[in-house]
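Here is the structure we will look at, set down as structure tokens.
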2 protein chains.
Amino acid sequence: MQTSNIKELLNSNGIKATWQRVEILKVLQSSNECLSASQIHQKLSAKNINIDLATVYRVLELFDKKGITQKSVINRKSFFELKKYEHCHYFVCIKCQQKTNIVDCKIDLIKEELRKRNFKVLSHNLEVYGICNKCCGGD
Amino acid sequence: MQTSNIKELLNSNGIKATWQRVEILKVLQSSNECLSASQIHQKLSAKNINIDLATVYRVLELFDKKGITQKSVINRKSFFELKKYEHCHYFVCIKCQQKTNIVDCKIDLIKEELRKRNFKVLSHNLEVYGICNKCCGGD
DNA sequence: ATTACTGCAAAGCATTTGCAGACTG
DNA sequence: CAGTCTGCAAATGCTTTGCAGTAAT
């Protein structure tokens, strides 16, 4: 995606398009997995783009609040990715650390249970740990 | 429960019964909710029992490894409680911070899905945030 | 005596914050 | 110009670790 389109995307979400935000969004768009703030910071550094880590955190928090990214907390660390149509969480392999999507986390069933008790669910986080199919076989 | 019984409980789990471990276990037994390391530390202090916070962390880690406690990570903090028969997680009210059990987290359905794909689930964590029944009504 | 356990202090790590200067409209 | 955003540095909060002294078998 072109920088100009990215700027429009930001503006349409009520976000002022500073070059830092544009670059961070580019990194998110070019990644097919969720990234932590420091991973994003590293990817930027690799492109010789220097943005302070604190700025990366602030921008990601903004993106999240505006709904253009979705955050997952895994092992106490935040990971961000562009918000997709499907809601998702991750299975994390304790051997190779690879993350695999869990699309259906059954939260609707839990929500329904809680709604009956008059609890209103606003957000949730699910982490599943184990051994992935690749690491299951050999090793 | 008497101290002697607590010692037996520890020994039967292969844990040497130091007085610090006995006291920490007493706190866990007398609580009807999950506690963080620092909450346990505070409760001990209130009884004029001084155990270093680092020791509390080490003991809780040991209890967890030996399976006498179960840990929940909520907002990046660890909370411990004695392991119960029912598996559980928490709904946390974002207004009053109160935690409420979610007994059935539907992990078996997720496990089944993953097993079909040859992933082995070893552990998981679920956090659900929202507004509890008390805070929903009035406020 | 050997091994395990604790207290103390310091370090670690992800994240947040205060502030002054830079940028943007 | 007024308000926002950024870089820098320092602080935060929870947790972990190194080490030397203590306790227990």
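So you know, we letter chains A, B, ... as the sequences are listed, proteins then strands, and number each from 1. In this text the structure is predicted, and so the values were computed from the model without any measurement.
- Once you apply a 4.0 Å limit to the heavy atoms of chain B, the touched nucleotides of DNA chain C run 5' to 3' over C:dA4 to C:dT15.
- Here D:dC14 presents its C1' atom at 12 Å from CZ of B:Phe80, a figure rounded to the nearest Å.
- With 3.5 Å as the limit, one finds a donor-acceptor pair spanning the side chains of B:Asn75 and B:Tyr129.
- Backbone-only contact: A:Arg21 has heavy atoms under 4.0 Å from sugar-phosphate atoms and none from a base.
- Here the C1' atom of nucleotide D:dC14 and the CD atom of B:Gln39 are 13 Å apart, to the nearest Å.
- Of the N and O atoms on the side chains of A:His124 and A:His87, at least one donor lies less than 3.5 Å from an acceptor on the other residue.
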Dump the pairs, protein N or O against N or O of nucleotides 20-25 of chain D, anything under 3.5 Å, distances to one decimal.
none

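- The local environment of NZ in A:Lys7 is sparse, with at most 12 non-hydrogen atoms from other residues, nucleotides or ligands closer than 6.0 Å.
- Residue A:Lys65 qualifies as open at atom NZ: its count of foreign heavy atoms under 6.0 Å is 12 or below.
- Between B:Asp64 atom CG and D:dT16 atom C1' the separation is 16 Å, expressed in whole Å.
- Backbone-only engagement by B:Arg76 is indicated by non-hydrogen atom pairs under 4.0 Å involving sugar-phosphate atoms exclusively.
- The 5' end of DNA chain D is approached more closely, in terms of each residue's nearest nucleotide, by A:Leu53 than by the other of A:Leu53 and B:Lys71.
- Counted by atom type alone, B:Thr55 and B:Arg21 present zero donor-acceptor pairs between their side chains at under 3.5 Å.
- Regarding A:Ile51, its CD1 atom lies at a distance of 12 Å from the C1' atom of D:dC5, rounded to whole Å.
- Among the atoms of the strands shown, only primed sugar atoms or phosphate atoms (P, OP1, OP2) are found under 4.0 Å from some heavy atom of A:Gln20.
- A salt bridge between A:Lys106 and A:Asp108 is absent, with no side-chain N of the basic residue lying under 4.0 Å from a carboxylate O of the acidic one.
- Taken to the nearest 0.5 Å, the CD atom of A:Glu23 stands 8.0 Å off from the CD1 atom of A:Ile6.
- The nearest whole Å value for the distance from the OH atom in A:Tyr57 to the C1' atom in D:dC5 is 19 Å.
- Listed nucleotides D:dG7, D:dT6, D:dC14 differ in distance to A:Asp52; the shortest reach to its side chain belongs to D:dG7.
- For the pair A:Ala37 and B:Ile15, nearest-nucleotide mapping onto DNA chain C gives the more 5' position to B:Ile15.
- Here the CG-NZ distance, from B:Leu10 to B:Lys16, works out to 12.5 Å after rounding to the nearest 0.5 Å.
- Cation-pi geometry between A:Lys99 and A:Phe79 is satisfied (NZ or CZ under 6.0 Å from the ring centre, within 45° of the ring normal).
- No contact: B:Ser36 has no heavy atom under 4.0 Å from any strand.
- Mapping B:Leu62 and A:Lys77 onto DNA chain C by nearest heavy atom places B:Leu62 at the nucleotide closer to the 5' end.
- Residue A:Ile24 contributes atom CD1, which lies 13 Å from atom C1' of D:dG7 at whole-angstrom precision.
- Ion pair A:Glu61/A:Arg58 not flagged as a salt bridge, since none of the NZ, NE, NH1 or NH2 atoms sits closer than 4.0 Å to an Asp/Glu carboxylate oxygen.
- Note: CG (A:Leu10) to C1' (D:dC5) measures 14 Å, nearest angstrom.
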